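Scroll down for the structure; my scribbles are underneath it.
Since we're looking at a predicted model, the values are computed, not measured. FYI, side chains are in, hydrogens and waters are out, and symmetry mates aren't considered; it's all heavy atoms of this structure.
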Amino acid sequence: MNAFFDRFKDPLVLLGRLLIAAIFVSAGYSKIGGYAATQGYMESMGVPGALLPLVIFAELGGGIAIVLGLLTRLAALGLAVFSVASGVIFHGGSADQIQQIMFAKNLAIAGGFLFLVANGAGRLSLDAKLFGTT
């Protein structure tokens, strides 16, 4: 059974990177188009709106780095921390079931990023091409 999965390891790691990064690339891009509304929402949750450019950079830059497999372990660690922090700030401590699910989703995403931190981007990545690491 392992031989079967090992045969598809490289494309599966690439697909996993694409899927986990998609939400961040999309969210970062949408924050640019809805800048004022996002800034207002952040401030309503007690987060300074001046941090929005950093949030956009983390989501877009980190997401694109994960897709490309470039500095993957560093980007994945940053996005894992970002996922937990944003989960706590925006969804944590709520009695609302939807917010609890959103918090759990953030933790699950952080877990996926920690797999990338531990295992790297795989052979189909810029890390492998540029640095000889996977």
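For the atom pair CG of Leu77 and CG of Leu114, the computed distance is 7.5 Å after rounding to the nearest 0.5 Å. Interatomic distance, CD1 of Ile98 versus NZ of Lys105, reported as 12.0 Å (0.5 Å rounding). To the nearest 0.5 Å, atoms OG1 (Thr72) and CG (Asn119) are separated by 11.5 Å. Distance CG/Leu51 to CD/Glu43: 9.5 Å, rounded to 0.5 Å. Between atom OG of residue Ser44 and atom CD of residue Gln39 there is a gap of 11.5 Å, rounded to the nearest 0.5 Å. Note that OG of Ser83 is 9.0 Å distant from CG of Leu107, once rounded to the nearest 0.5 Å.
Looking at heavy atoms from C-beta onward, Met1 lies in side-chain contact with Phe5 at the 4.5 angstrom threshold. Looking at heavy atoms from C-beta onward, Leu60 lies in side-chain contact with Ile32 at the 4.5 angstrom threshold.
Under the 30°/60° scheme for interplanar angles, the aromatic rings of Phe90 and Tyr41 are found to lie parallel.
In terms of hydrophobic clustering, with Ile, Leu, Val, Met, Phe, Trp and Tyr side chains grouped at heavy-atom distances under 4.5 Å, Ile23 and Val25 are assigned to a common cluster. Under a hydrophobic clustering in which Ile, Leu, Val, Met, Phe, Trp and Tyr are joined whenever their side-chain heavy atoms come within less than 4.5 Å, directly or via other members, Val47 and Tyr35 fall into the same cluster. Cluster membership check: Leu70 shares its hydrophobic cluster with Leu79, using side-chain heavy-atom separations under 4.5 Å among Ile, Leu, Val, Met, Phe, Trp and Tyr. No single ILVMFWY cluster, assembled from side-chain heavy atoms under 4.5 Å apart, contains both Ile109 and Met102. Under a hydrophobic clustering in which Ile, Leu, Val, Met, Phe, Trp and Tyr are joined whenever their side-chain heavy atoms come within less than 4.5 Å, directly or via other members, Leu116 and Leu68 fall into the same cluster.
Proximity of a side-chain donor or acceptor of Asn106 to a complementary backbone N or O of Val84 within less than 3.5 Å is not detected. With hydrogens and angles ignored, the 3.5 Å screen pairs a side-chain donor or acceptor of Gln100 with a backbone N or O of Ser94.
The two residues Val67 and Arg17 come nearest to each other via the heavy atoms O-NH2, 2.9 Å. Shortest non-hydrogen contact noted between Pro53 and Gly49 is CD-O, 4.3 Å. Looking at every heavy atom in both residues, Lys31 comes nearest to Leu52 through CD-CD1, 4.0 Å. Nearest heavy-atom pair across Val13 and Ala121 is CG1-O, 3.2 Å. Of all non-hydrogen atoms in Phe103 and Gly87, the two that sit nearest each other are CD1-O, 3.3 Å.
Heavy atoms from other residues, nucleotides or ligands lying under 6.0 Å from CZ of Arg123 number 12 at most.
Residue Phe24 is tested with Phe113, Phe57, Tyr29 for a ring pair (Phe, Tyr, Trp, His ring centres under 6.0 Å); the sole match is Phe113.
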